[in-house]
2 protein chains.
Amino acid sequence: MAARRQYQELAQQLSAIGAVKRGLGRVLPSECPAGSAAVLGLLDRHGEMRMSRLAELMAIDMSVTSRHVAHVAERGWIDRSADPADKRSRILRLTPAGRDMLADLSERYMNALAHHLADWSDDEVDQLNALLGRLRASFGDCRAAPAAPAVPPPAAPPVLPVPPGEPVEAPAARTTRTPL
Amino acid sequence: MAARRQYQELAQQLSAIGAVKRGLGRVLPSECPAGSAAVLGLLDRHGEMRMSRLAELMAIDMSVTSRHVAHVAERGWIDRSADPADKRSRILRLTPAGRDMLADLSERYMNALAHHLADWSDDEVDQLNALLGRLRASFGDCRAAPAAPAVPPPAAPPVLPVPPGEPVEAPAARTTRTPL
DNA sequence: TATTGTTATACTCTATAACTATA
DNA sequence: TATAGTTATAGAGTATAACAATA
C-alpha cells in the first residue's frame, strides 16, 4: 500500500507517458499506424488466433479490434480464414507480406529505441518491462468484473525481482465485448 | 544497450498500457475527462503558468492545450488573466472551484489505485514512477528543441541500416507548436 | 517580421449499440 | 437463446495549418 503522494505521481506519469507512445508512433509508416502494428506484433508473438483472443490481448473492445484487423487484412498482411470448427469464427494468421512489414516495423522501433534509450542498461529495460506488465495485470479486470470480490482473487502476486527471461504475460482479461 | 528482444517487449508494453490509462480515466467525472484533469493537476503541482509552459509540460501541441484549457476555464476551474508584461500571453491559475474539483479527482484516483494496486509495495510504486519519469526524459527531445546535442554532434545515428521507404527519424526538432 | 495564442479541419483510437450469421 | 464478428455512430485526443493580436 503506497501513499497518496505516490499515487498522484503515478497518475501524472501515466498521463504523460502518452508523449512517448506518440513519439514511437511517429516512426511508423503511414500505412501502418500503431493499432495495425499491434495486431501484427501480437500475431507474431502468440501465433494464429481468433478475433476474440486478439481483442483480449489488446485489451480493447472487439468492435475496435475488428476495424484494426480489417485494415491489416485489406493490405494483405494477415489472412482471415474461416474456422472449420465454428463458422462464426475466423482464424487470423500472418501472411509472408505481413512478416515483411513486421520486419520493417521491428527495424524502425529498434532504431528509435536504441537511439533514445542509448544510456539505459539491459536490466533497467527489463525492470521497466516487468513493472509495466505487472501494472497491466493489476488493472486487468477493469472491464468485465466491476463487482470486485471482497477477497482479492488468489492471484499469486509476482515477486519483484523478475528474471529477465520470460516477459510478464498478458493480463488475461475476462471479456472484451460490449456488455450485453 | 539492450537487446532487440527487450525493445520489442517494451514497444508492446507501451502499446498495451493504454488499457490502464483508460481504466483510470473511467473513474473521472464526465465533466472532467483526462485532458482536463491533467491541466488541473499540472497547475496544482507547478503553480500558475502560461499556455506555452503548460503545453510543454503536457508534451502536446499548444493548439490542443488551448482546447483543454478552454474546457476547464468554461467550467470555472481555472482563471485566464492577461499577462501585464506581454499582452499576448495569458496566465493560467487554479480557482477555488478548481481546487475543489482537484480534491474530488484526487479521491477518485486514490480509490482506484488503492484498489487495483493493493498488493504493490511502496518501493514498487516508487520504482515504476522513477522508470516512467526516466523514460519520458529519454524521449523528451522528441518534440522539443534539438537541444544542442551537447557532446557528440556526429552522434551515433541509427546503427542499423534504414529500410527503404519513409525516413525513420522524424525531423526531430519540434517545439510544442506547429512548425512554422 | 516574429511570437503567443486561437480556431478550423482531419485523423487515430476507443466505446456503445444494433445488426448478421452461425451455434 | 446465446455467441462471434461486423458495422454505424459518437466522443476524446491529437496534429497541421491558417489566423489574430501583440511584440
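Letters A, B, ... mirror the listed sequences (proteins, then strands); counts begin at 1.
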Interatomic distance where NZ belongs to K21(B) and P belongs to dA15(C) [whole Å]: 14 Å
Given atom CG of L92(A) and atom C1' of dG5(D), what is their separation to the nearest angstrom? 11 Å
Can you find a side-chain donor-acceptor pair between Q6(B) and N129(A) that sits under 3.5 Å? no
Drop me the distance from M101(B)'s CE to C32(B)'s SG, to the nearest 0.5 angstrom. 5.5 Å
Does H68(A) have a side-chain nitrogen or oxygen under 4.0 Å from the phosphate oxygens OP1 or OP2 of dT14(C)? yes
Expressed as a whole number of angstroms, how long is the span from I91(B):CD1 to dT4(C):C1'? 12 Å
Can you check salt bridge (Lys or Arg N to Asp or Glu O under 4.0 Å) on R108(B) and D104(B), steps first, answer last? CA-CA 6 Å; R108(B) 292 165 182 257; D104(B) 181 10; 2.9 Å; yes
Of the nucleotides dG5(C), dT22(C), dT14(C), which has the atom closest to the D86(A) side chain? dT22(C)
Pick the closest DNA chain C nucleotide for R90(B) and for R67(B) by heavy atoms, then say which residue is nearer the 5' end. R90(B)
With heavy atoms under 4.0 Å as the rule, sort S63(B) into base, sugar-phosphate or nothing. base
When you measure from every atom of DNA chain D, which of residues 27-37 of chain B have a heavy atom less than 4.0 Å away? P33(B), A34(B), G35(B)
Taking 4.0 Å as the cut-off, does a side-chain nitrogen or oxygen of R88(A) come that near to OP1 or OP2 on dA2(D)? no
Candidates dA21(D), dT16(D), dT6(D) - which lies nearest the side chain of D61(B): dT16(D)
So what does R80(B) hit on the nucleic acid, given a heavy-atom distance under 4.0 Å: a base, only sugar-phosphate, or nothing? sugar-phosphate
Does OP1 or OP2 of dG5(C) have a side-chain N or O of S89(B) closer than 4.0 Å? yes
Counting side-chain heavy atoms from CB outward, which of dG13(D), dT6(C), dG5(D) is closest to R50(A)? dG5(D)
Let's go through D61(B) and S63(B) carefully: what are the C-alpha distance in whole Å and the side-chain angles of both, what is the deciding distance for side chain to side chain donor-acceptor pair (under 3.5 Å) to 0.1 Å, and is it a yes or a no? CA-CA 5 Å; D61(B) 193 273; S63(B) 66; 2.9 Å; yes
Qualifying residue, where the test is salt bridge (Lys or Arg N to Asp or Glu O under 4.0 Å) with E48(B) and the options are R93(B), R53(B), R80(B), R90(B): R93(B)
Winner on side-chain proximity to I60(A), out of dG13(D), dT6(C), dA15(C), is dA15(C)
Just compare dA4(D), dT4(C), dA23(C) and give me whichever is closest to any side-chain atom of M62(B). dT4(C)
Just the rounded figure in Å: distance from C1' of dT4(C) to CG of L54(B). 14 Å
Have Q13(B) and E9(B) got a donor and an acceptor in their side chains that come within less than 3.5 Å? yes
Membership question, hydrophobic clusters at under 4.5 Å side-chain separation (ILVMFWY): are I91(B) and M58(B) in the same one? no
Nearest-nucleotide pick for R26(A), side chain only, options being dT6(D), dA15(D), dG5(C): dA15(D)
Between W120(B) and S138(A), does a side chain to side chain donor-acceptor pair (under 3.5 Å) hold up when you go through it step by step? CA-CA 9 Å; W120(B) 284 56; S138(A) 294; 2.8 Å; yes
E74(A) CD to dT6(D) C1', in whole Å, measures 13 Å
Base, sugar-phosphate alone, or nothing: which one does D83(A) contact when heavy atoms must sit under 4.0 Å apart? nothing
Whole Å only: how far is the CD atom of E56(B) from the P atom of dG5(C)? 11 Å
Are any of S52(B)'s side-chain N or O atoms less than 4.0 Å away from OP1 or OP2 of dT3(C)? no
In whole angstrom, what separates M51(A)'s CE from dT7(D)'s P? 10 Å
Can you tell me the distance, in whole Å, between the CZ atom of R22(B) and the P atom of dG11(D)? 19 Å
